[in-house]
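Owing to the predicted nature of the structure, the values given are computational and were not obtained by experimental measurement. Chain A is the first sequence line, chain B the second, and so forth, proteins listed ahead of strands; every chain is numbered from 1.
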Amino acid sequence: MSVRVRFAPSPTGPLHIGGARSALFNWLFARRHGGTYIVRIEDTDLERSSRESEKNILDSLHWLGLDWDEGIDVGGPHGPYRQTERLDMYRHYAEVLLQKGLAYRCYCSEEELAAEREELLAKGELPRYLGRCRALTEEDCRRHEAAGRKPVIRFRVPAGDAILIRDLVRGDVTFERSEIGDFIIIKSDGIPTYNFAVVVDDHTMLISHVIRAEEHLSNTPRQVLLYDAMGWDKPEFAHVSLILGKDRSKMSKRHGATAIEQYRAKGYLPETLVNFLALLGWSPGGEEEVFPLNELKQQFSLDRVAKSPAVFDLEKLNWLNGHYIRQAPLDQLTDMAVPYLEKAGYLSVPLSPEKYQWVKMVVASLQKHLSYMEEITGQARIYFEDDFEIEGQDAQDIMAGEQVPGVLRCLAKKVSVSGEIKENDAKELLKEVGRDLGLKGKQIFMPVRVALTGSTQGPDLNQIMAILGGEGIIQRLSRWT
RNA sequence: GGCCCCAUGGUCAAGCGGUCUAAGACACCGCCCUUUCACGGCGGUAACCCGGGUUCGAAUCCCGGUGGGGUCACCA
C-alpha cells in the first residue's frame with residue numbers, strides 16, 4: 001500500500017511552529033517512503049477561517065521548502081482540497097449514516113444542551129450528550145421543524161468494547177465508550193464538524209498515515225467509531241507530542257514568536273527552521289546536529305520520534321541559525337540584509353553597484369556575529385553613525401590610557417597619506433603604528449577600535465577600517481586628535 | 001475534576017536488561033588560536049522524579065505515587 005500523508009491546517013491564523021513541524025514530519029515521511037504529500041485546507045469553521053490565513057500558511061510552507069504533490073493550488077485526483085468545497089460529499093455520507101440508523105437528527109437547543117451539561121457537572125459526571133433525541137419519530141421531527149428548529153446530525157455511538165488505537169509513536173491507547181456521548185457530525189448550518197470531515201477526507205483521499213499533534217489523540221476514538229460505522233479501513237495513526245513554551249505549556253503567543261512568518265521576518269533562514277523543528281521531537285540517533293532537508297528526508301523515521309513533549313529553545317535556534325548564516329553565500333546574505341538596513345534608514349534603494357559592493361563588505365564583516373539577519377540593524381550601526389557614545393566602563397578605561405592620543409594621532413597621519421584603504425592596508429598601517437611607537441596588541445587595537453566604533457566588541461578591525469575608508473577613519477579619529 | 005499522554009543535566013536529546021564510573025548539541029565556565037573582536041578547537045560543571053516489585057543484574061520491564069502536559073464545543 002502506497003504512502004499517502006497529508007498536512008491539514010485550518011486557516012484561522014498564520015502557520016504556527018507546531019503546525020510547521022507537523023507539516024514537516026508528514027513531508028519527510030512521504031519523501032522518505034516515496035509517497036505522496038497532500039495539503040488540504042480544513043476551513044469548516046466559517047467564523048474564523050479566512051483566505052488570508054490560507055495564503056499565509058501556503059506561503060510559509062513554500063518558504064520552508066515543503067512542496068506538495070496534491071492539494072490546494074496544485075490540484076490532484078482526489079480534490080477538491082478545501083473542505084468547504086466538499087460539502088456535498090459530507091452530506092452524502094451523513095445521509096448514508098442516517099439511512100443505516102447510525103446517526104440521527106437532534107433538535108436540542110443550545111440552552112437545553114447547556115442545562116444538561118450543568119446538571120452532569122453538578123453531579124460530578126462527565127459532561128456529554130445523553131441522547132435526548134436518539135429516538136425521535138418522524139412526527140417529532142416534523143413538529144420541531146415546524147417550530148423553526150434547525151437540526152444537527154449526531155452520530156449514534158454504538159455500545160461495545162473499549163476503543164483501541166494503535167498509535168505508531170504511542171503504542172496502544174484505549175478509550176472507554178461511555179466517555180463519548182453521541183457527537184455532532186453535521187452542524188445545524190449543514191457544515192460538517194472536524195471529526196466527521198477529517199474521516200471522510202482521509203478516507204476518500206486514501207490517506208495511509210495520519211501524522212498529527214498529540215492534541216488530536218483524544219479525538220481519535222470518535223474518528224475510529226466513524227471509520228467502523230462506515231465500514232472503512234483505518235489509516236495508521238501517529239500522534240507527535242506537543243511543542244512547549246519555556247513555562248512548559250503549549251506554545252502560544254505569550255511565549256513570543258510562534259508563527260513561521262515571524263521568524264522569516266526576523267531573518268531566520270528556512271533551512272534553520274526545518275533543521276531545528278526536525279530535531280524537536282525527532283532524533284537521528286547519531287551525534288550530528290546539522291541536517292539540511294535532503295539529508296533529513298533520507299533519515300527520517302517515525303520510530304525515532306520522541307513521546308515526550310519538547311520545549312522550544314530559542315537559544316539553540318539562534319545558534320543553529322548563526323551556523324547557517326556563517327555558511328551561506330555572501331550574495332544571498334547581502335540581499336537579505338539590504339531591507340533591514342534600508343528600514344533602519346542606513347541605505348536607500350536601489351543601490352549602485354559600488355554601493356552594493358560596499359554593503360557586501362559590511363555584511364561580510366558581520367557574518368560571524370549574527371544569529372538572525374534582523375540583528376544587523378544594531379550591529380551595522382558602527383558603519384553608519386558617526387556621533388556615537390563610548391559604551392561602558394571598559395571602553396572608557398581604554399581610552400584613558402596614556403598611549404592612546406599618540407596611537408590615534410599616528411594612525412590618523414598614516415591614513416591621511418595612504419589613500420584608499422583595503423583590509424591588508426589596514427593591517428599594515430596598524431603594524432606600522434605599533435612599530436613606530438613601540439607598542440603592541442591590545443594597546444593599539446583596542447583604542448583604535450573604541451575610537452572608531454565606540455565599543456570594545458565588534459567585527460574584525462581591519463575590516464572595519466576598510467569599510468570606513470580613509471576619510472571615514474580620519475573623521476572619526478578627529479574627535480581624539 | 002474525568003479521561004488520555006509523558007517523565008535522563010537549565011534546554012533538545014542518545015540509551016531500547018549487563019559494554020552506563022550515562023553519548024552528543026545549545027547555554028554556562030575555563031584554556032588555546034587570533035598582536036584586536038569574533039569564528040573555530042580543546043576541556044570542565046551539570047541528569048536517570050520517588051517508592052515498591054520482576055531479575056543474577058534495571059535509566060531500561062511491571063505496579064503505585066508525585067510532577068508536567070493535552071483534552072473534555074454546533075473550534076479545529
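- If you check distances only, the side chain of A:Ser188 does reach the base of B:C74 with a donor-acceptor pair under 3.5 Å.
- Relative to the ring axis of A:Tyr104, A:Arg134 does not place its NZ or CZ within 45° and under 6.0 Å from the centre.
- Remark: B:C56 base-pairs with B:G18; criterion is Watson-Crick or G-U wobble with both hydrogen-bond distances under 3.5 Å.
- The partner of B:G1 is B:C72, judged by Watson-Crick or G-U wobble contacts that both fall below 3.5 Å.
- Between the side chain of A:Asp313 and the base of B:A27, no donor-acceptor pair of N or O atoms lies under 3.5 Å.
- Closest to the A:Arg304 side chain, of the nucleotides B:A76, B:A14, B:C37, is B:A14.
- A:Val173 comes within contact range of the sugar-phosphate backbone alone, with a heavy-atom separation under 4.0 Å but no base atom that close.
- Counting atom types as modelled, A:Glu289 pairs a side-chain N or O with a base atom of B:G24 as donor and acceptor under 3.5 Å.
- With a 3.5 Å ceiling on both atom-pair distances, the Watson-Crick or G-U wobble partner of B:G24 is B:C12.
- Across B:A76, B:C6, B:U71, the shortest atom-to-atom separation from the side chain of A:Arg170 is found for B:C6.
- Under the 3.5 Å distance criterion, the side-chain polar atoms of A:Thr220 are matched with a main-chain donor or acceptor of A:Leu217.
- Taking only side-chain atoms of A:Pro309, from C-beta outward, the nucleotide of B:A76, B:C4, B:C6 with the closest atom is B:C6.
- Distance A:Leu244 CG to B:A7 P: 13 Å, rounded to the nearest Å.
- B:U35 sits 44 Å from B:A22 when the C1' atoms are compared, rounded to a whole Å.
- Using a 4.0 Å heavy-atom criterion, one finds that A:Asn318 contacts no nucleic acid atom at all.
- The CD atom of A:Gln367 sits 20 Å away from the P atom of B:C37 (whole-angstrom rounding).
- Contact annotation for A:Lys250: backbone-only contact, meaning every heavy-atom pair under 4.0 Å involves sugar-phosphate atoms and none involves a base.
- The partner of B:G30 is B:C42, judged by Watson-Crick or G-U wobble contacts that both fall below 3.5 Å.
- In this structure, A:Ile184 and A:Leu317 both approach RNA chain B, and ranking their closest nucleotides by distance from the 5' end singles out A:Leu317.
- Remark: P of B:A25 and NE2 of A:His323 are 13 Å apart, rounded to the nearest angstrom.
- Note on A:Ser308: every side-chain N or O is 4.0 Å or more away from OP1 and OP2 of B:G69.
- Contact annotation: side chain of A:Arg48 to base of B:C75, donor-acceptor pair present below 3.5 Å.
- Taking the P atoms as reference points, B:A7 lies 11 Å from B:U60, given to the whole Å.
- Put simply, NZ on A:Lys368 is 14 Å from P on B:U34, counting in whole angstrom units.
- Taking the P atom of each, B:G65 and B:A13 are spaced 27 Å apart, rounded to whole Å.
- Residue A:Gly281 is in sugar-phosphate contact alone, with no base atom involved, counting any heavy-atom pair closer than 4.0 Å across all strands shown.
- When ring centroids are compared, A:Phe300 and A:Phe25 come within the 6.0 Å threshold.
- For B:U36, there is no paired nucleotide, since no Watson-Crick or G-U wobble pair has both relevant distances below 3.5 Å.
- Across all their heavy atoms, A:Arg117 and A:Pro127 have their closest contact at CG-CB, 3.4 Å.
- Between A:Arg248 and B:A7 there is no side-chain N or O to OP1 or OP2 distance below 4.0 Å.
- At a threshold of 4.0 angstrom between heavy atoms, the contacts of A:Phe312 with the nucleic acid are absent.
- In this structure, the nucleotide among B:G40, B:C74, B:U11 sitting nearest to the side chain of A:Arg326 is B:G40.
- If you take NE2 of A:His216 and C1' of B:A73, they are 15 Å apart, rounded to a whole angstrom.
- Rounded to whole Å, the distance from CD1 on A:Ile382 to P on B:A38 is 13 Å.
- Counting only heavy atoms from C-beta on, A:Lys316 has its side chain closest to B:A25 among B:C6, B:A25, B:A76.
- When distances run from any side-chain atom of A:Arg449 to the nucleotides B:U36, B:A27, B:C6, the shortest one goes to B:U36.
- Of the two residues contacting RNA chain B, namely A:Pro459 and A:Glu214, the nearest-nucleotide position lying further toward the 5' end is that of A:Glu214.
- Annotation: cation-pi geometry not satisfied between A:Arg6 and A:Tyr81 (NZ/CZ under 6.0 angstrom from ring centroid, within 45° of ring axis).
- By the side chain to side chain contact (heavy atoms under 4.5 Å, CB included) test, A:Glu288 pairs with A:Val290, A:Phe291, sequence neighbours left out.
- Each of B:A38, B:C12, B:C74 was ranked by its minimum atom distance to the side chain of A:Gln457; first place goes to B:A38.
- Going from atom CG of A:Asp460 over to atom C1' of B:U36 covers 8 Å, rounded to whole Å.
- With P as the reference atom, B:A46 and B:G64 are 35 Å apart, rounded to whole Å.
- Here A:Ser49 lies out of heavy-atom contact (under 4.0 Å) with every strand.
- Atom P of nucleotide B:C12 and atom CG of A:Leu242 are separated by 13 Å, given to the nearest angstrom.
- Nucleotides B:A27 and B:G10, compared at atom C1', are 8 Å apart to the nearest Å.
- By the 4.0 Å N-to-carboxylate-O rule, A:Glu214 lies close enough to A:Arg170 to be salt-bridged with it.
- At a threshold of 4.0 angstrom between heavy atoms, the contacts of A:Thr174 are confined to the sugar-phosphate backbone, with no base atom among them.
- The P atoms of B:G68 and B:C63 are separated by 22 Å, rounded to the nearest whole Å.
- Nearest nucleotide to the A:Asp45 side chain, out of B:C74, B:A76, B:A13: B:A76.
- Not less than 6.0 angstrom separates the ring centroid of A:Tyr93 from the ring centroid of A:Phe196.
- Comparing B:A76, B:U71, B:C37 by their closest approach to the side chain of A:Lys187 singles out B:A76.
- As judged by a 4.0 angstrom heavy-atom cut-off over every strand, A:Ser455 is placed among residues making no nucleic acid contact.
- Panel note: side chain A:Thr377, backbone A:Glu374; a donor-acceptor pair is recorded below 3.5 Å.
- Judged by Watson-Crick or G-U wobble contacts below 3.5 Å, the nucleotide B:G67 has B:C6 as its partner.
- Distance noted for atom C1' between B:C26 and B:U21: 26 Å (whole Å).
- Separation of atoms OG1 (A:Thr334) and NZ (A:Lys360) is listed at 6.0 Å; rounding is to 0.5 Å.
- The same atom, P, is picked in B:C61 and in B:A38; the two are 46 Å apart, to the nearest Å.
- When distances run from any side-chain atom of A:Ser218 to the nucleotides B:G40, B:U71, B:U36, the shortest one goes to B:U71.
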